[in-house]
Every structure is written in C-alpha cells, then in structure tokens.
Amino acid sequence: MAVSRSSSLSPHTRLVTGGRPDAEADAPLNHPVTFASTYHAGGERGYGRYGNPTWEAFEDVLGELEGGQALAFASGLAASSAVLSLLPEGAVVVAPETAYLGVLDQLRERLSTERIQLRQVDISDTAALEAATDGATMVWLETPANPKLDVADIAAAASAARRAGAVSVVDNTFATPLLQRPLELGADVVIHSATKLIAGHSDVLLGATVSNDDDLVSRLERHRKLHGAIPGPMDVFLALRGMRTLGVRLDRAQASAAELVGRLGTHPAVDVVRYPGFGTMCSIEVTGGAAGADRVVQAVELWVNTTSLGGVESTLERRRRWPSESELVDPSLIRLSVGIEDVEDLWADLARALDAAVMG
Ligand SMILES: *Cc1c(COP(=O)(O)O)cnc(C)c1O
C-alpha cells in the first residue's frame, strides 16, 4: 500500500501497484473477489450495499490516477445518474450539443418534467461555453465527446463554472486518466464508463465517479447506498484486472489510431476524418451518405460492427442508426474504436471495405 501511494510513481506503474492487499507472508497479490451481502457487526462496512473490499481495490487505483476519491457504480449511466441527482429543482445545466446519448437522454428526461433547464453548446467553442455558464448550476462536459470527438478546454470551463458557482463535471471515458486528469484542471467531478477502456475487454459494465470535494463525495456515496446502483464484486474484479493493462493497451491502440487516421485522410471514400490528436477513437464521414456508410460497416470482416468502444477488439458503427442521435451528426459518420490488433491487418480490412463502398 505504502509503495502504491508514493506520489513519485508514474501512472503506468500505479495501474500495476495500486489496490493490492498488504504485502504480508501468504497474503494474495490480488484482492480476492468478496461475495458478501453482509459483514459481522462492529466495523465500517456494515452491509453489502454500503461497501465491498473488491470495490475498494478498484476505487483505490482509479482514485490515485484521477487524483481524487473514486466510487464504483453499476454502470457509467448509474454514475452519471448519481451526479445528476445532485441537481436541485429548476437547475440550469450546460451540456454538449452532442455527447453520449444515454447521458443526453437522462438530461432530456429531467428537462421534460421541467425539473431542469438545459443549455446545449458547442463545447469546442470556449467563448460560447464560458458565456453559457452564466447562471448555471452544473456544467457537464464530455471531452473528447461522442461521436464527433469535439474537445473542450476543461480548465477554462471549470474556472468559468467556479465563478458562476456551478459544479463542473467531466466524462473522462474517452481520454482515461492516462491522457487527461480533469480534477487537476479544476473540475469538481469526473465520471467514467469503466465499461470501455478501463475494463477494456467488452465483457463487463461498470461506472465510477471521482472527486476531491469531500461534500460531493459523501453525497454521491449516500446516493449509491440509498438508490442501490451498486456493482457486483465479480464485475469490479474483472474491471480492475483489465485496468492493470490499460497503459499498454492504450499506448498501442493510440499509435494505431494515429496511423489509421493518416491513411484514412487520403482514401477517396473518406470525406472527413475527425481525430482529436490523442486517444483511440476517431470518426469518419464517407461518400454515399448513410447507404455508403452502411456498406462500409457491413463489408468489414475484422472490425466488429457494434456499438460500445474501448475494448481490445476494434469496433465501428454508423452513429445515425440510433434514432435519437443528433442531426448535427452527419448521416454517413462512422465512429471507430481502435483496438490492439496489428495495425496493418486493421488497415487492410478497412481499406477493402472503403474501396467496396466507393465502387458500390
Ligand atoms: C458508454 C458511455 C457511457 C455510459 O456508460 P455505461 O457503462 O454503458 O452505462 C457514458 N459516457 C460515455 C462517454 C460512454 O462512452
């Protein structure tokens, strides 16, 4: 424990050393999965909905990386729901024009019952974002944001939010704390869909909040206790096991993403390439509109045509196949999540599918 808490260690090392049982003779290296609905009385945990040693191991690692106190939730949406539950009646929420649909749908539902006011802005326009924070209660950022990969200036938005007395929240799912640490840039709360890059193997759903504001942390923890959106211990164990290799997975997938982005830019079937310059996600707009894009996602063999992202396997999907996706997203936009396969195999498969789309 003492080693993993040393601030001199690189995040790549902390991913490996954090959240371990104390190094005593015959103690296991990894926290076992604790299946327990209750605990003997007299301690702090008390009951299975209040705490679990397997959650705590995961929370230690994520908290160290983001620089705050992490709380595990049943899914990314359970984590975002906990944060949105902090909003008082009539709250004014600034949110991106396009973002993860589940979060925007949660916000719209709260809007439809008039419990909040929603101000959607282009988060890549810092002046517009700052102007929108005037009188706001919460500033919700996702950066890079689904599916156009817009990037926000977190520091500028967080300080504008602070001046306005608003809570700033950053969905850090796409960047992970290895590429971006919003709390260090002044944000109040980070949320994660650990389902994606953190767990990394497309076999578990998990979410988390991270904050260094004690009051926010205790309100979020209380929400988790009372509303019951708790993760199963096996899921958290799998996510922590996956997170140990986040550094190598991210390095490789990011290098491949940068390589593919360069090649996609010269392909005749590709009109637009969107890539924020870091990370494992990119989007393309292809010739032939929605039909052209559908031909591409159906022609790939190695890439998987599916939603979700951040796994070891490369995936892609045409985003407007979802009826509630924003009309600001081009009907031909395909979002790509680059995995860790050989980049030449990935390119060969994608180029062949794009070639077929041009000829089709
Ligand atoms: C997937 C995702 C979510 C929702 O997470 P779940 O684990 O699916 O509930 C939230 N934000 C972003 C950016 C996501 O990609």
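All residue numbers in this chain count up from 1 along the given sequence. In each ligand, atom 1 is the first atom listed, and ligand 1 is the first ligand listed.
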With a 4.0 Å cut-off on N to O distance, would you call [X] and [Y] a salt bridge?
X    : Y    : result
E97  : K148 : no
D105 : R108 : yes
R320 : E325 : no

Considering only heavy atoms of [X], which atoms of ligand 1 have at least one such atom less than 4.0 Å away?
X    : result
E142 : 13 (C)
G76  : 5 (O), 6 (P), 7 (O), 9 (O)
D171 : 10 (C), 11 (N), 12 (C), 13 (C)

| Heavy-atom contacts under 4.0 Å between N146 and ligand 1: side chain, backbone, both, or neither? | side chain
| field | Expected output: side-chain R295 to main-chain L354 donor-acceptor under 3.5 Å | value |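 Not at all, since once roles are kept as given, no pair shorter than 3.5 Å links the two residues.
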| message | If we ignore hydrogens and angles and just use 3.5 Å, is the side chain of S211 paired with the main-chain N or O of V217 as donor and acceptor? | response | no
Look at [atom] and say which protein heavy atom is nearest, naming residue and atom and giving the distance to 0.1 Å.
atom                   : value
atom 4 (C) of ligand 1 : Y100 CE2, 3.4 Å
atom 5 (O) of ligand 1 : S193 OG, 2.9 Å
atom 9 (O) of ligand 1 : L77 N, 2.8 Å

| ligand 1 and K196, any nitrogen or oxygen pair closer than 3.5 angstrom? |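 Indeed, backbone or side chain, K196 has an N or O that close.
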| said: Does ligand 1 come near enough to L205 that some N or O of the ligand is less than 3.5 Å from an N or O of the residue? | reply: no
| query | Out of curiosity, does V169 fall in the hydrophobic cluster containing V121 (side-chain heavy atoms, cut-off under 4.5 Å, transitive links)? | reply | no
| CG/N305 to CD/Q298 distance, rounded to the nearest 0.5 angstrom? | 7.0 Å
| remark: Of T143, T195, N172, the residue with the heavy atom nearest atom 7 (O) of ligand 1 is T195
